[in-house]
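Have a look at the structure below, then the notes.
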Amino acid sequence: MHKFNLSQMEKIKQTKVKAMLITKPIGSIVNVKGWVRTKRGNKNVAFIALNDGSVIHNIQIVVDVLNFDEETLRLITTGSCISVNGLLVESQGQGQTVEIQAKEIELYGTADPETYPLQKKGHSLEFLREIAHLRPRTNTFGAVLRIRHAMAFAIHKYFNDNGFYYLHAPIITGSDAEGAGAMFRVTTLDPKLPPLKEDGAIDYEQDFFGKPTNLTVSGQLEGELGALALSLVYTFGPTFRAENSNTARHLAEFWMIEPEMAFYDINDNMDLAEDCLKYFICYALDNCYDDLEFLNKMYDNGLIERLKSIIDNTFVRLSYTEAITILENSQNKFEFPVKWGIDLQSEHERYLVEKHFKKPVILTGYPKEIKAFYMKQNEDGKTVRAMDVLFPQIGEVIGGSQREENYDKLYSRVKELNIPEKDLWWYLDTRKYGTAPHSGFGLGFERLILFVTGMGNIRDVIPFPRTPQNAEF
RNA sequence: UCCUUCUUAGCUCAGUUGGUUAGAGCAUCUGACUGUUAAUCAGAGGGUCGCUGGUUCAAGUCCAGCAGAGGGAGCCA
């Protein structure tokens with residue numbers, strides 16, 4: 001009856017725990033494989049909580065100790081990996097509906113309890129960041145990673161279902177003109193002995209691409225090229241910013257979704273932003289409820305309520321000028337004084353979203369001086385058709401605009417801001433040949449995940465975060 | 001990068017005005033228990049108090065520098 005020789009263990013098709021837990025206990029022999037969360041019991045019976053990551057719940061393995069080799073059972077500890085053949089039965093205990101009466105157990109890998117860092121007990125998120133190679137095995141990170149996957153899938157589904165084409169913008173870029181922040185240099189030159197020109201400067205003509213190149217800070221400009229051919233496109237890929245930012249909302253490597261739409265004005269752009277955000281949150285509630293319930297219970301009692309309120313409420317749409325008036329008339333003491341023309345600080349954005357309106361806000365019509373060169377200029381000569389979508393807790397989740405499609409107006413901004421024209425000739429060409437009104441925005445994927453999971457730190461919603469002074473794992 | 005708080009056992013933390021042998025809970029190990037739910041009960045082991053230097057008869061405790069982490073801010077998504 002009891003066997004431990006690998007070759008003797010009967011081959012039975014594996015069932016994922018997720019499916020197992022909703023299978024009727026008709027007394028069939030099943031196989032599950034996974035990692036041990038806890039083992040408890042006495043001389044006669046042992047209970048193993050087994051998890052394979054397919055779902056947040058564990059399946060309970062009941063082991064009749066007398067039928068198994070003592071040494072093998074001793075090695076089944078928290079963190080070890082096993083395969084179990086057994087009988088799926090109705091559970092005699094409370095807390096689960098089905099359980100598996102073990103017939104055969106194969107031990108794939110032990111985990112020395114003296115050194116295995118994950119305990120049955122909860123750990124701080126800071127500690128788990130130091131063992132990011134093992135934290136996917138925790139309930140919290142299992143939940144976050146499953147939700148992250150579901151959100152990535154929902155994004156592709158939403159855009160595909162709405163007639164968008166997925167455009168792959170390049171990761172390596174030769175233009176430094178996006179203006180979205182400091183960049184990471186990409187080079188194959190020897191850092192100790194780079195080839196030099198006669199004047200002592202580094203000779204990038206000898207570099208791999210024949211010119212200085214960097215990792216992308218945005219796929220937007222290429223996205224516009226796609227939109228002015230396919231009408232509706234979106235990019236979804238990694239993005240890199242070499243800023244020395246050390247906050248709970250910033251990563252050096254993050255993922256961004258950038259839809260770009262021909263024939264959309266700023267209002268169409270806002271409609272799309274609001275609709276897609278609601279769709280994503282709705283998708284999470286419909287498909288990740290177990291994981292959300294866990295996070296709601298363990299980290300953030302208001303999470304599910306807050307997600308539902310996003311779906312139920314119309315986002316407030318407000319001009320920058322109106323926002324300034326509200327802030328000026330508020331009794332709130334701000335650290336940074338409010339005046340038309342300033343860039344809004346996070347205390348201002350939080351006041352609008354969390355105190356004044358208590359729902360998401362889309363701000364438009366910013367002063368052109370504080371926004372990027374490519375944004376469409378309004379008739380007033382002072383403002384541009386920018387839009388920022390502000391969410392409670394996390395602030396700016398989307399930044400976008402209608403784009404300036406008029407060649408002369410765009411060109412004059414390029415000149416005014418001393419942007420190197422030679423790097424942008426191809427971008428300017430789109431306004432020369434068959435230009436069209438168009439719009440787009442950037443949605444920070446991790447910021448969306450922050451909001452959907454209720455996690456407080458962006459380092460906890462990406463498997464292996466890259467931040468200043470940290471590229472471990 | 002700036003402001004601020006922190007760093008003591010594997011983890012989470014306590015440690016008084018500087019004072020003699022640095023504690024707790026959990027985890028681990030050993031034992032008990034015939035169905036447990038982060039099992040329970042009893043016992044045991046486990047420490048270069050982040051690093052370097054200084055003040056002092058005496059430093060986990062005070063001072064300086066460095067490193068790392070948390071929170072806030074800026075930059076942004």
- Item | A/E293 bridged to A/K297 by N-O distance under 4.0 Å | no
- Task: Determine the contact category for A/P117: base if any of its heavy atoms lies under 4.0 Å from a base atom, sugar-phosphate if only primed atoms, P, OP1 or OP2 are that close, otherwise nothing.
- Result: nothing
- Message: Counting C-beta onward and ignoring hydrogens, is there a side-chain heavy-atom pair between A/I311 and A/Y279 closer than 4.5 Å?
- Response: no
- Ignoring backbone atoms, establish whether A/K43 has a side-chain N or O less than 4.0 Å from OP1 or OP2 of B/U34. no
- Item | Residue pairs involving residues 342-361 of chain A (criterion salt bridge (charged side-chain N to carboxylate O under 4.0 Å, His left out); sequence neighbours excluded) | A/R350-A/E354
- Message: What's the gap between B/C3 and B/G46 when it is taken at their C1' atoms, as a whole Å value?
- Response: 39 Å
- Query: Name the stems with RNA chain B in them: runs of three or more consecutive Watson-Crick or G-U pairs, distances under 3.5 Å?
  - Reply: B:1-7 with B:67-73, B:10-13 with B:23-26, B:28-32 with B:40-44, B:50-54 with B:62-66
- Residue-level proximity of residues 127-145 of chain A to RNA chain B when a heavy atom falls under 4.0 Å: A/F127, A/R129
- Output yes when at least one side-chain N/O atom of A/Q345 is less than 4.0 Å from OP1 or OP2 of B/G74, else no. yes
- Task: May I have the distance from A/N246 (atom CG) to B/G70 (atom P), rounded to whole angstrom?
- Result: 7 Å
- Examine B/C33: is either OP1 or OP2 under 4.0 Å from a nitrogen or oxygen in the side chain of A/N42? Give yes or no. no
- Message: Taking side-chain contact (heavy atoms from CB on, under 4.5 Å) as the definition, give me every residue that meets it alongside A/L134, ordered by chain and number, with sequence neighbours left out.
- Response: A/Y116, A/P117, A/L118, A/R137
- From CG of A/N457 across to C1' of B/A77 the rounded distance in Å is 15 Å
- Query: Does the side chain of A/R40 get closer than 4.0 angstrom to OP1 or OP2 of B/G35 through an N or O atom?
  - Reply: no
- Message: Taking 4.0 Å as the cut-off, does a side-chain nitrogen or oxygen of A/T78 come that near to OP1 or OP2 on B/A27?
- Response: no
- Message: Main chain of A/F236, side chain of A/Y166: is a donor-acceptor contact present, judged purely on distance under 3.5 Å?
- Response: yes
- Task: Kindly write out the residues that satisfy side-chain contact (heavy atoms from CB on, under 4.5 Å) with A/N139, not counting sequence neighbours, or none if the list is empty.
- Result: A/R37, A/I56, A/F294
- Message: It should be established whether A/R447 places a side-chain nitrogen or oxygen under 4.0 Å from OP1 or OP2 of nucleotide B/C76.
- Response: no
- Message: Once you apply a heavy-atom cut-off of 4.0 Å, does A/Q60 come out as touching a base, just sugar-phosphate, or nothing?
- Response: base
- Partners passing side-chain contact (heavy atoms from CB on, under 4.5 Å) against A/K376 (at least two apart in sequence or in another chain): A/R385, A/Q402, A/E404, A/E405
- Salt-bridge criterion met for A/R403 and A/E260 (N-O under 4.0 Å): yes
- Please lay out, stage by stage, how A/Y165 and A/F159 fare under the test ring pair (Phe, Tyr, Trp, His ring centres under 6.0 Å). CA-CA 7 Å; A/Y165 295 103; A/F159 286 114; over 10 Å; no
- d(CD, A/E258; C1', B/A77) in whole Å: 9 Å
- If we take the C1' atom in both B/U55 and B/A64, what is their distance in whole Å? 11 Å
